[in-house]
Structures are given as structure tokens and as C-alpha cells.
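Report on one structure; see the data block that follows.
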Amino acid sequence: MPTLVSVFGVAPQRIGGTETFARELSAQLGERGWQSALCFLSEPTEEVRRFLDLPNISLDIFSDSTNGHRRENKLSRIIGRYHPEILHLHFTGFLSLYPWLARVRSVNKVFFTDHHSRPAGYVPARALMWKRAAARVINRPLTRVISVSNYGYRCMTTADLLPQSRFEMIYNGVDLSRIKADSLRALDFRRRYSIPPERTIVTQVSWIIPEKGISDFLETARLVTQQNRNVQFVIVGDGAYREQYMKDAAAMGIEDGVTWTGMVEDPFREGVFAAADVVCQFSRWEEVFGWMIAEAMAHGKPIVATNVGGIPELVSEGLSGFLVQRSDTAGAAEKLMRLLQDSELRREMGEAGRKLVADKFDLKTNVAQLIELYNL
């Protein structure tokens, strides 16, 4: 059977956007008689392994695949093991020898998806001539480059590192079949983290790193709780800065109003979004997409997020949520207070977001676009 090898430069620790994409891609490949080899940085957790348990899936480890200049031998062994017709690179560097190695090893097509968020304030610009020339030589074997938002597409095509005809835009998506209207999930989440039933919940799901605006989330929490102490702020995720941010919350006097869940293996099943009344994403860098925003909207939750990168392609200002400027904690607090005081507005915005996800970010539809691009 023909095979597609997907290399993901991520560790499969939870059932998130990457893992659901990998499963849907494999399912649609299986319908066409193809095998799907999924290569991650490390072994999947048991829950992720069960989630990815399809007849045509093979799991493999490609540790340090993000270091494209020192791991060519490992990729060569993977290609030798599966003899793929197609290689698709995700979360690896754009400039690497992987495409050339794949072509030398007789891989017919090589795809690259750009999941890269840009630094805060990044302005798309044409690359210097020598960079353009080097990139076109290094990436000559690439069949297509996939951008996951119009923002990402604009960044890549403006840089002019490859002919524009090589780029395609296909949004990331949400597996809508996993959305369950189950109030018990919300109740279980509250019980698990001892959140009183009378408190409304404001949630951010992200890595706990400065680029995700965690300090802005905490400052917004401080401003909101000055006006309404019946709000619980929940941060779902983990990261190297978690302990420092927990100390910051204590120093701000909001320790009791902030819940830190750590890594949640399956946010859908464990009620992360079901329990939330409002979901925030206060990214400081130029977020290329915003998978957590799309997932929250699919659950019918209103959004308050920063107006950066590709986020405005998900959040329709005043319709499915509110956009604020980077680090504008006063503005974020004002928008949150408006939502927290108006359950009908939350319902209306949540429903608008749900419809938007169904129209633009349905994983099944968007993976089908990619399959068509593969031209199997």
C-alpha cells in the first residue's frame, strides 16, 4: 500500500490540534487505501496512543526533528523503513536538508506546513536577495508549502523565498464530531478543581510562556476581581514559567481566584471548554492561527483575545467575541466585565462562533482540501 510519512516536531502529550489532525488525515488516507506513518518527537502518552489507534497508522519517533541540519540520517532511516510516496513536514524548520534528502531517497512529493508564529510586532517584508536565492536552492524539492491562515500566507509569500505558486492556504481545523453538549463534563471539571458553583469561569488554554501573555491574563484577572470576586480564572497548560507566574499571582493577591490545572490530556473530554463561560487568548507574539480559540468557539464560547497575527481571522469583533490590543489589560478587563454581566451576550457570541467554526474550521473539510492537494 502507498504510504505518507508525516513528521511532527512536537511531543504528543495531549489530544490537541496536532493529534486530531493526524488522526483525521490518517482516516481519510485509509479510505483511499493509503498507510499513514506518524513521526513525533517522543512516544505518545497512552491516551494519545489509544486515540491514534487506526488500522493504517504506524507510530514512530523522530526525536529532535526540529534540528533539520543534524538529523538527516534519522530521516533517511525513516524513509527507508516506510518507503513513502509523500513526506509532509510539520513544526520543523523551513530551511533544512530534509526535502533534498527525501527526493534523493525517491520520495515523489514533499510538503511543508508553516505553523510558525512570528515575534511581536513582526511586519512581513521581502527577504534579502541572498536569503531568497539560498532558500530557493534549499527548498527547490518542496512540492507545496501550506499556510494555516491568511496571515501566515501573507508572511510567507511577502518574503518571496519561493515562487508564489508553491504556496497554498488551508486553515487548521477542529474535529466537530468530538464536541459533546454534556453538562456533566462541566460539573466534573468544577469538582475536580474545587471551583465553587456560583463562580463564572474565565479560561486560557496555552503553554505557560511569556509569548502567550500569561502576565497580561493575571493582570486582567486582578482588575476584574476588584469589581467582581465571583470569577475564577483558569489557566490550562504547563511550561517552564509556571512557578514564577504562580508566585506573581500570589503577590498580586489573586491566588485564590486563579486555578492552575497543569497539562490536561484531553481538554474536550475533561470539560475544559464545557466549564468555561469565556475563553481568552492574550498572545503577545503574532499568533499564526489560534487552535485553542477555534476549539473554544466550536464549544459555543465567546472569546476575548489580542488583535495579533491570524487571530482576527477567527474572532469576528463584536460578533463572536472581542479583540483588544496587545497588553491592553484595562481593555481586556472591560470586555470581560461586559460579557460576565450579560449571559445573553455570551450565548449570542458563542453561537456566532460555533457557526463560524462550522463554516471555516471544520477539520474534516479542511483535511479533505489537503488530500486533494496531495493528488493521490
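Side chains are part of it too, since the values below use all heavy atoms of this structure and drop only hydrogens, waters and symmetry mates.
Salt-bridge formation is not detected for the pair D328/K335: no Lys NZ or Arg NE/NH1/NH2 atom is positioned less than 4.0 Å from an Asp or Glu carboxylate oxygen. A salt bridge is defined here as a Lys NZ or Arg NE, NH1 or NH2 lying under 4.0 Å from an Asp or Glu carboxylate O, and D188 with R191 meets this definition. Electrostatic pairing of R269 and E47 counts as a salt bridge here, judged by a charged N lying under 4.0 Å from a carboxylate O. Checked for salt-bridge contact, R144 and E168 meet the test: a charged N lies under 4.0 Å from a carboxylate O. Using a 4.0 Å cut-off between charged nitrogen and carboxylate oxygen, R284 and D216 count as a salt-bridge pair. Taking 4.0 Å as the cut-off between side-chain N and carboxylate O, R81 and D60 count as a salt-bridged pair. A salt bridge links D266 with R178: the closest approach of a Lys/Arg side-chain nitrogen to an acidic carboxylate oxygen falls below 4.0 angstrom. Remark: R49 engages E43 in a salt bridge, criterion side-chain N to carboxylate O under 4.0 Å. For E24 and K364, the salt-bridge test passes: some basic side-chain N is under 4.0 Å from an acidic carboxylate O.
When every heavy atom of A274 is checked against every heavy atom of R185, the shortest pair comes out as CB-CB, 4.2 Å. Considering all non-hydrogen atoms of both residues, S320 and L314 come closest at OG-O, 4.0 Å. Minimum heavy-atom separation, K74 to S63: NZ-OG, 2.8 Å. Across all non-hydrogen atoms, the minimal contact from M297 to V357 is CB-CG2, 3.5 Å. The nearest pair of heavy atoms linking L54 to A27 is CD1-N, 3.9 Å. Heavy atoms only, all atoms of each residue included: Q204 and K212 are closest at NE2-O, 2.9 Å.
Every residue was checked against the side chain to side chain donor-acceptor pair (under 3.5 Å) condition with R154, not counting sequence neighbours, and none meets it.
Relative orientation of the Y374 and F111 rings is perpendicular, given thresholds of 30° and 60° on the angle between their planes. In this structure, F21 and F8 have perpendicular ring planes: the angle between them is above 60°, well past the 30° mark. By the 30° and 60° cut-offs, the orientation of the rings of Y98 relative to F62 is tilted. Ring-plane geometry between W291 and F289 is classed as perpendicular, the angle between the planes exceeding 60 degrees on a 0 to 90 degree scale with a lower cut at 30.
Geometrically, R338 does not engage F322 in a cation-pi contact defined by less than 6.0 Å to the ring centre and at most 45° from the axis.
Looking at V137 and R140, their side chains come closer than 4.5 Å, going by heavy atoms from C-beta outward. Contact of the T261 side chain with the Y193 side chain is registered, since non-hydrogen atoms from C-beta on lie closer than 4.5 Å. Here the side chains of V288 and S117 are in contact, with some heavy-atom distance below 4.5 Å. Residues T45 and E265 form a side-chain contact, since some pair of their non-hydrogen atoms from C-beta on lies under 4.5 Å apart. For the pair I61/F40, no side-chain contact is recorded, criterion being any heavy-atom separation below 4.5 Å from C-beta on. Within the 4.5 Å cutoff, side-chain heavy atoms of V5 are placed close to those of C39. The shortest side-chain heavy-atom distance between V279 and F273 falls under the 4.5 Å cut-off. Counting heavy atoms from C-beta on, the side chains of M252 and E219 come closer than 4.5 Å.
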*Check the pair R136 / D160 against salt bridge (Lys or Arg N to Asp or Glu O under 4.0 Å), numbers first and verdict last.*
CA-CA 9 Å; R136 289 179 182 233; D160 195 24; 2.7 Å; yes
*Go through the steps for T306 and Q281 under the test side chain to side chain donor-acceptor pair (under 3.5 Å), then give the verdict.*
CA-CA 7 Å; T306 41; Q281 184 69 66; over 6 Å; no
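In the displayed structure, E372 atom CD is contacted under 6.0 Å by at most 12 heavy atoms of other residues, nucleotides or ligands. Within 6.0 Å of CZ on F167 lie more than 12 heavy atoms contributed by other residues, nucleotides or ligands. The neighbour count for M1 CE, taken as heavy atoms of other residues, nucleotides or ligands under 6.0 Å away, is above 12. Applying the 6.0 Å contact sphere to CD of E317 captures more than 12 heavy atoms from other residues, nucleotides or ligands.
A donor-acceptor pair under 3.5 Å links the side-chain atoms of T143 to the main chain of V110, judged by distance alone. A donor-acceptor pair is defined here as one N or O able to donate and one able to accept, closer than 3.5 Å; such a pair exists between the side chain of T20 and the backbone of G17. No donor-acceptor distance shorter than 3.5 angstrom exists from the side chain of R199 to the backbone of I195, with no hydrogens or angles considered.
Grouping the Ile, Leu, Val, Met, Phe, Trp and Tyr side chains by contacts below 4.5 angstrom, directly or via other members, places F282 with I235.
Side-chain rings of H299 and F268 approach one another, their centers coming within less than 6.0 Å.
The NE2 atom of H116 lies 9.0 Å from the CE atom of M156; values are rounded to the nearest 0.5 Å.
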